Each structure stands twice: as structure tokens, then as C-alpha cells.
**Student:** 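Below are the C-alpha cells for one structure; questions will follow.
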Amino acid sequence: MFNKTNRSLFYSAWSRLIFAYLVSFFVSFAAGIFLIFILRVAPETLFEISTKRLSFAFPVFETATKLGIDIGIVLFFWNTLASLLTISFLYTAPLFNPHNISLFPRSIRKAFCGTKRMKLLCFLPGCQKIEEESLRRLYVWLMIPWLGMILLGIESGLIVSTSTYIFGGSYLIGFVSLIPHGIIEIPSISFAGAVTFSVHLLIKEKARENRTVEIFEDVKSYTKEVPLQKIILIVSACLFIAGLVEGHLTQRIVDTLAS
């Protein structure tokens, strides 16, 4: 049973993920305009940077189109897999427990716990106060949905600010190209991410105090309470609608405004 405290924590994580996306989107959008207008950076360069990660999915979409698979269904499966991946970060969290490092799979547990100080992400808030390396890595691991939403917001903001110059039209068209499906898609992806990020919020204070045993007990208890099937059902249903909207409705609205 998902108790009241954990439910509140989950919804707090959900709202923070959506907020992270919106803030990074508008900051990135403003930065794109600044770089193009003031620093005279080529819009094509910024657009290429913003779509670099998305470009890996293009071959999948092209193959599906050739096979006659509805693009909305492809988008649904793509986003659903990404959402399930963010949820899986919670269920791999026990691999960071240094007290169980001898258990199967031993090699993976050793790699996850680590011995050398993590350098790349040590600058993240709170990391410096964590002394035990396995806890530091768990702390960052559970923060990944938040980092992912920031990255997605940055990419989206740059796409809107640069595509206007590349493909013509107005900023309105750029925003409309995201809003119809994004208003469903972003909260849905954040809802899935909240499964993992809520545990980051749950353990962050104890992690800074290096209370290892309590932390992994909390993770285990929280994991048992999460209504996983219900969450996956909600996320899948919403992403199915978002995929159909993006695949069929969004482009029609953009074409109507452009004409």
C-alpha cells in the first residue's frame, strides 16, 4: 500500500521534474535567441546540436515507415521504452549496496559500487558531502530522471529557437510544434521518472549523513510499496494518446498555421 507520505513524495518528485523541464526549456530558448542574434552563431549548428540525440532514433522511424507501421504507434513504443528505462533505475538501486557486494551478480555490484571517486558528476548538489563512494553513485543514479528532463528541456528550447530561422515561420509555429503532444507527453514521462526520482528525494538527507544501512532499507521498503502496474498503465495510456497526436495532429496544426 502506497502510504500518504510516500504518495506525497511521489507527487513532489513529479512536479519537480515537470518544473525542471519548463525552466530548462525557456532558459534554452532564450539562450538560442541570444546566440543567434548577439553572438551570430549559425542556427544550423545549434539545431544540429539540439537534435543530435534524437538523430539516433531516425533510422528506427524510417524503417517503421517503410514497413507501413503507423508513426504514432512507433512514437508510443519509443517513449514507453524510455519511460520504462527510467523506472528501472529504482529497481537496480540495490546493486549499489556495499554490504551485498559478494552476492550475485558480483561483477556488476563491484562495478556499481566502485572504489575510485566519481569525478564527472561530483559537482551535482549534495555530492560533495557524501563520503562513501557507493552512496554517492546511488545518489546520482536516482537523480538521472531529473537530469534527463533538464536535457530534454534544453533540446526542446533550442529546437524551437533555431528551427524558426531554418524552416521559416514564427516562434508561435515552433511552440505549436511541441505543445499539442507535449502537454501529454512531458507529464507522462515525468510521471514515470518520479518513480525513481522520488526515492532520490527520500534518501538525499540520509545520504549526506552517510547512513548506508538505513538508506537501503528505505529503498527496499519504498520499492515494495510503489504501485508499479498502475503507474505503467497510466503512463502507457497517456503516451499512446501523445504518440497519435504527435504522429497525426501536430503536423496538421503546424501546416495550417504556416499556410
Side-chain angles (χ1 to χ4, degrees), residues 9-36 39 41 43 45-57 75 78-90 92-93 118-130 136-163 171 174-175 177-179 181-205 207-208 231 235 238-239 242 246:
L9 192 67
F10 179 86
Y11 287 118
S12 175
W14 185 29
S15 63
R16 291 189 189 201
L17 290 177
I18 295 174
F19 182 74
Y21 172 84
L22 292 174
V23 170
S24 59
F25 174 89
F26 285 109
V27 169
S28 177
F29 173 72
I33 295 174
F34 176 81
L35 289 170
I36 294 169
L39 300 184
V41 177
T45 301
L46 295 176
F47 185 78
E48 183 180 353
I49 293 172
S50 64
T51 57
K52 187 68 176 179
R53 189 170 61 95
L54 185 61
S55 65
F56 293 109
L75 289 166
W78 184 267
N79 288 327
T80 301
L81 285 173
S83 297
L84 292 176
L85 181 63
T86 63
I87 292 175
S88 73
F89 281 87
L90 170 60
T92 51
M118 182 177 56
K119 296 179 180 180
L120 182 61
L121 299 176
C122 267
F123 62 88
L124 290 172
C127 275
Q128 295 293 340
K129 295 182 179 180
I130 303 173
R136 186 181 296 108
R137 294 183 178 213
L138 174 66
Y139 182 89
V140 174
W141 187 255
L142 296 173
M143 196 191 288
I144 285 177
W146 181 73
L147 298 173
M149 293 308 294
I150 291 176
L151 176 60
L152 185 59
I154 291 172
E155 291 172 340
S156 300
L158 280 179
I159 287 172
V160 172
S161 63
T162 57
S163 61
Y171 290 127
F175 279 103
S177 68
L178 294 177
I179 290 175
H181 60 273
I183 204 169
I184 305 172
E185 184 177 281
I186 297 305
S188 301
I189 294 173
S190 298
F191 199 73
V195 173
T196 295
F197 188 58
S198 56
V199 183
H200 169 81
L201 299 180
L202 175 68
I203 63 116
K204 69 177 185 179
E205 292 302 326
R208 293 168 184 173
I231 290 172
V235 171
C238 291
L239 288 177
E246 184 175 1

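Each residue takes its place number in the sequence, starting with 1. The figures that follow rest on heavy atoms only: side chains count, while hydrogens, waters and symmetry mates do not. Keep in mind that this is a model prediction, so the values were computed, not measured.
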**Student:** With rounding to the nearest 0.5 angstrom, report the CG to CG distance, L9 to L201.
**Tutor:** 5.5 Å
**Student:** Looking at T86, is its backbone amide N or carbonyl O close enough to the side chain of T196 to form a donor-acceptor pair, meaning the two atoms are under 3.5 Å apart?
**Tutor:**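 Flag set: sc T196 to bb T86 pair under 3.5 Å.
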**Student:** When you look at CD1 of I183, are more than 12 heavy atoms from neighbouring residues, nucleotides or ligands closer to it than 6.0 Å?
**Tutor:** no
**Student:** A side-chain contact here means heavy atoms from C-beta on lying under 4.5 Å apart; do L178 and F25 qualify?
**Tutor:**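 Yes; the side chains approach each other to less than 4.5 Å.
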**Student:** H181 versus L75: any side-chain heavy-atom pair under 4.5 Å?
**Tutor:** no
**Student:** Examine distances only and state if a side-chain atom of S55 and a backbone atom of K52 form a donor-acceptor pair shorter than 3.5 Å.
**Tutor:** yes
**Student:** Donor-acceptor pair, T92 side chain versus F89 backbone, under 3.5 Å?
**Tutor:** yes
**Student:** Can you tell me how far CD1 of I49 sits from CD1 of I154, rounded to the nearest 0.5 angstrom?
**Tutor:** 11.5 Å
**Student:** What orientation do Y11 and W14 show, parallel under 30°, tilted 30 to 60°, or perpendicular over 60°?
**Tutor:** tilted
**Student:** Does S28 reach the main-chain N or O of L158 with its side chain, forming a donor-acceptor pair under 3.5 Å?
**Tutor:** yes
**Student:** List the atom of V235, the atom of S188, and the distance in Å for their closest heavy-atom pair.
**Tutor:** CG2-O, 3.7 Å
**Student:** What is the minimum heavy-atom distance between S24 and A20, and which atoms define it?
**Tutor:**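 Between these two residues, the closest heavy atoms are OG-O, 2.8 Å.
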**Student:** Please identify each residue that fulfils side chain to side chain contact (heavy atoms under 4.5 Å, CB included) with C127, with sequence neighbours left out.
**Tutor:** L124, R136, Y139, V140
**Student:** Where is the tightest heavy-atom contact between M149 and L17, given as atom of each residue plus distance?
**Tutor:**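 Looking at all heavy atoms of both residues, the shortest contact is CB-O, 3.8 Å.
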**Student:** How long is the gap from CD on E155 to CZ on R53, to the nearest 0.5 Å?
**Tutor:**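 The CZ atom of R53 is 4.0 Å from CD of E155, to the nearest 0.5 Å.
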**Student:** Report the distance from atom CD1 of I144 to atom CG of L151, rounding to the nearest 0.5 Å.
**Tutor:**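 So the CD1 of I144 and the CG of L151 are separated by 12.0 Å.
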**Student:** Could you measure the distance from the CD1 atom of I150 to the CG atom of L22? Nearest 0.5 Å is fine.
**Tutor:** 12.0 Å
**Student:** Please report the interatomic distance CD(E205) to NZ(K129), rounded to the nearest 0.5 Å.
**Tutor:** 8.0 Å
**Student:** On the 0 to 90° scale, with breaks at 30° and 60°, tag the F197-W146 ring pair as parallel, tilted or perpendicular.
**Tutor:** parallel
**Student:** How close do F175 and V160 get, heavy atom to heavy atom, and via which atoms?
**Tutor:**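 Closest heavy-atom pair between F175 and V160: N-CG1, 4.0 Å.
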**Student:** Go through it in stages, so that I can follow the logic: the residues are I33 and Y171, the test is side-chain contact (heavy atoms from CB on, under 4.5 Å), and I'd like the CA-CA distance, side-chain angles, deciding distance and then a yes or no.
**Tutor:** CA-CA 11 Å; I33 295 174; Y171 290 127; 3.7 Å; yes
**Student:** Specify the closest pair of heavy atoms between H200 and L142, including all atoms of both residues, with the distance to one decimal.
**Tutor:** CB-O, 3.5 Å
**Student:** Return the minimal non-hydrogen interatomic distance between P187 and G182, and the atom names on each side.
**Tutor:**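 Smallest interatomic distance, heavy atoms only, reads CD-O, 3.5 Å.
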